[in-house]
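Keep in mind it's a predicted model, so treat the numbers as computed, not measured.
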Amino acid sequence: MIQLSLDGSARAGLKILCLGSHSDDIEIGCGGTVLRLAEQYPASTFYWVVFSAAGDRGIEAKSAAERFTSSAHLAGPVLKIFPDGFLPFVGSEVKAVFEELKKEFSPDLIFTHNRKDAHQDHRLVAELTWNTFRNHLILEYEIPKYDGDLGQPSFFVPLERETCQNKVQFIMDAFKSQHSKRWFQPETFFSLMRLRGMECNAPSEYAEAFYCRKLML
C-alpha cells in the first residue's frame, strides 16, 4: 500500500465540500473520514450540501451536519428540497446549484457520490460534480443498498475504532426516521468499514473507501 498525506500547509485549514443527494448520504458514505479530518485539521471548513432534504429530513440533515463537524467550522448546511428519486428530471435546476457553488469557493477536497452508483439521484450528483469542479481532488464515496452495487474502490482512509463508533452512533441518533428500514442498522455500517479495513490492512481493522479517478502527485 502506498500512503499519501496532505501537504503540511493543510494544517492551516482545508476547504472541504461534502455533497449528498439525500439526508444521511454524506454521513454514511464519508462520515468517518469527515470526523478524522475535523480532528486532524481542526481549522478546516466543511461546506455541507444536501439536495433532497425536505421537512423532517431537513431537520435530521442539519442535526447530523452539526454532529459531524464543529458548528464553528460548518458552512451551511445548504439544504435543498428537490424530490427524492427525481433529481435527473430536474437536472437543470440541480446544475444551477452547482454553478452557484463554483462561484462561491474553490474547495481543496470534494466528497461526492460514485458515478456508477445504482441510484439515479446519486449518479446525477456525481456527474455534475465532475462537470463543475474540473481541477479539484474528488473522492467518490459508497452507499450500501439493496441494489448490490458495491465495487472495488482504490482509495482507503483507515479509521480508529472510536471514530467508527462515533460515526455509527451519530447516524443512528440523527436519522431516526430511517430506523424502520431493515438495512439501516449499525451492523450494516460497521461491516462495510470492517471489510474495507481488511482490504487496506488498516491497523485498527476499519476504514472507509473511495473511488479516486484522478490524482496528481
Problem set entry | Same apolar cluster (I L V M F W Y, side chains within < 4.5 Å links), Phe155/Met198 | no
Exercise. Side chains of Val97 and Phe82: does their closest heavy-atom pair fall under 4.5 Å?
Worked result: yes
For this session: Look up atom CD1 in Ile143 and atom CD1 in Ile26, then write down how far apart they are to the nearest 0.5 Å.
Result: 9.5 Å
Exercise. How long is the gap from CZ on Phe46 to CG on Leu14, to the nearest 0.5 Å?
Worked result: 8.0 Å
Exercise. When you measure from the side chain of Ser204 to the backbone N and O of Leu159, does any donor-acceptor pair fall under 3.5 Å?
Worked result: yes
Exercise. Would you say the side chain of Asp108 lies within less than 4.5 Å of the side chain of Leu137, judging by non-hydrogen atoms?
Worked result: no
Exercise. Any donor and acceptor pair, going by atom type alone, linking the side chain of His73 with main-chain N or O of Ser44 inside 3.5 Å?
Worked result: yes
Exercise. Tell me, do Leu35 and Phe170 make a side-chain contact under 4.5 Å, heavy atoms counted?
Worked result: yes
For this session: Measure the CD1-CE distance between Ile28 and Met193 for me, rounded to the nearest 0.5 Å.
Result: 10.5 Å
Exercise. Can you find a pair of side-chain heavy atoms, one from Phe98 and one from Val125, that are under 4.5 Å apart?
Worked result: yes
For this session: Let me see the working for Glu142 and Arg196 under salt bridge (charged side-chain N to carboxylate O under 4.0 Å, His left out), right down to the final yes or no.
Result: CA-CA 11 Å; Glu142 55 185 351; Arg196 299 315 188 195; 2.7 Å; yes
Problem set entry | Short side-chain donor-acceptor distance under 3.5 Å, Ser23 and Glu60 | no
Problem set entry | Main-chain N/O of Phe133 paired with Lys102 side-chain donor or acceptor, under 3.5 Å | no
Problem set entry | Audit row: Tyr146, Lys181, side chain to side chain contact (heavy atoms under 4.5 Å, CB included) steps and yes/no | CA-CA 11 Å; Tyr146 170 84; Lys181 296 182 177 179; over 6 Å; no
Exercise. Does Leu17 belong to the same Ile/Leu/Val/Met/Phe/Trp/Tyr cluster as Leu109, with side-chain heavy atoms less than 4.5 Å apart forming each link?
Worked result: no
For this session: Check whether any side-chain heavy atom of Thr132 sits under 4.5 Å from a side-chain heavy atom of Leu101, and report yes or no.
Result: no
Exercise. Where the side chain of Thr69 meets the backbone of Ala65, is there a donor-acceptor pair that is under 3.5 Å apart?
Worked result: yes
For this session: Would you tell me whether Asp84 and His22 have side-chain atoms, one donor and one acceptor, within less than 3.5 Å of each other?
Result: yes
Exercise. Is the backbone of Glu127 close enough, under 3.5 Å, to the side chain of Arg115 for a donor and an acceptor to pair up by distance?
Worked result: no
Exercise. Applying the 4.5 Å side-chain criterion to the ILVMFWY set and letting contacts propagate, would Val90 and Val49 be lumped into a single cluster?
Worked result: yes
For this session: Report yes or no: do Leu128 and Phe105 belong to one cluster of Ile/Leu/Val/Met/Phe/Trp/Tyr joined by side chain heavy-atom distances under 4.5 Å?
Result: yes
For this session: Step by step, work out the side chain to side chain contact (heavy atoms under 4.5 Å, CB included) result for Val168 and Ile171.
Result: CA-CA 5 Å; Val168 174; Ile171 290 173; 5.6 Å; no
For this session: Hey, could you give me each pair passing ring pair (Phe, Tyr, Trp, His ring centres under 6.0 Å) that has a residue in residues 196-217? Not counting sequence neighbours.
Result: Phe111-Phe210
Exercise. Any chance CD of Glu104 has more than 12 other-residue heavy atoms, nucleotides or ligands included, within less than 6.0 Å?
Worked result: yes
Seminar exercise, completed: Between the SG atom in Cys30 and the NZ atom in Lys167, the distance rounded to the nearest 0.5 Å is 8.0 Å
Problem set entry | pair His113-Tyr141: side-chain heavy atoms closer than 4.5 Å | yes
Exercise. Taking only residues two or more places apart in sequence, or in another chain, which ones meet Gln169 in a side chain to side chain contact (heavy atoms under 4.5 Å, CB included)?
Worked result: Asp173
Problem set entry | Given Leu192, Asp149, Leu195, the one that forms side-chain contact (heavy atoms from CB on, under 4.5 Å) with Pro144 | Leu192
For this session: Looking only at non-hydrogen atoms, find the nearest pair between Ser52 and Pro83 and report the distance.
Result: OG-C, 3.9 Å
Exercise. Above 12 or not: heavy atoms from other molecules or residues under 6.0 Å from NZ of Lys95?
Worked result: yes
Problem set entry | Side-chain heavy atoms of Glu187 within contact of Phe190, under 4.5 Å | no
For this session: Check whether more than 12 heavy atoms from other residues, nucleotides or ligands sit under 6.0 Å from atom CG of Asn135, and answer yes or no.
Result: no
Problem set entry | Main-chain N/O of Asp121 paired with Ser21 side-chain donor or acceptor, under 3.5 Å | yes
Problem set entry | Neighbour count >12 (heavy atoms, 6.0 Å) for atom CD, Glu160 | no
Exercise. Within the distance-only criterion (no hydrogens, no angle test), does the side chain of Thr188 pair as donor or acceptor with the backbone N or O of Phe184 below 3.5 angstrom?
Worked result: no
Exercise. Is any side-chain N of the basic residue among Glu99 and Lys103 closer than 4.0 Å to the acidic one's carboxylate O?
Worked result: no
Exercise. Would you say the side-chain atoms of Asp117 pair up with the backbone N or O of His122, donor to acceptor, closer than 3.5 Å?
Worked result: no
For this session: Return the minimal non-hydrogen interatomic distance between Gly32 and Glu208, and the atom names on each side.
Result: N-OE2, 2.9 Å
Exercise. Taking only residues at least two apart or on different chains, which pairs with a member in residues 15-41 satisfy salt bridge (charged side-chain N to carboxylate O under 4.0 Å, His left out)?
Worked result: Asp24-Arg57
Exercise. Do Val94 and Val50 sit in the same hydrophobic cluster, where Ile, Leu, Val, Met, Phe, Trp and Tyr count as joined when their side-chain heavy atoms come under 4.5 Å apart?
Worked result: no
Problem set entry | Arg123 (side chain) donor-acceptor with Ala118 (main chain) under 3.5 angstrom | yes
Seminar exercise, completed: Looking only at heavy atoms, the pair that brings Ala126 and Thr112 closest together is CA-OG1, 3.9 Å
Problem set entry | 4.5 Å side-chain heavy-atom contact, Phe68 and Leu74 | no
Exercise. Between Arg182 and Gln185, which heavy-atom pair has the shortest distance, and what is it?
Worked result: O-NE2, 2.8 Å
For this session: Measure the NE2-CD1 distance between His136 and Ile110 for me, rounded to the nearest 0.5 Å.
Result: 5.5 Å
Problem set entry | From Arg213 atom CZ to Trp130 atom CH2, the distance as rounded to the nearest 0.5 Å | 7.0 Å
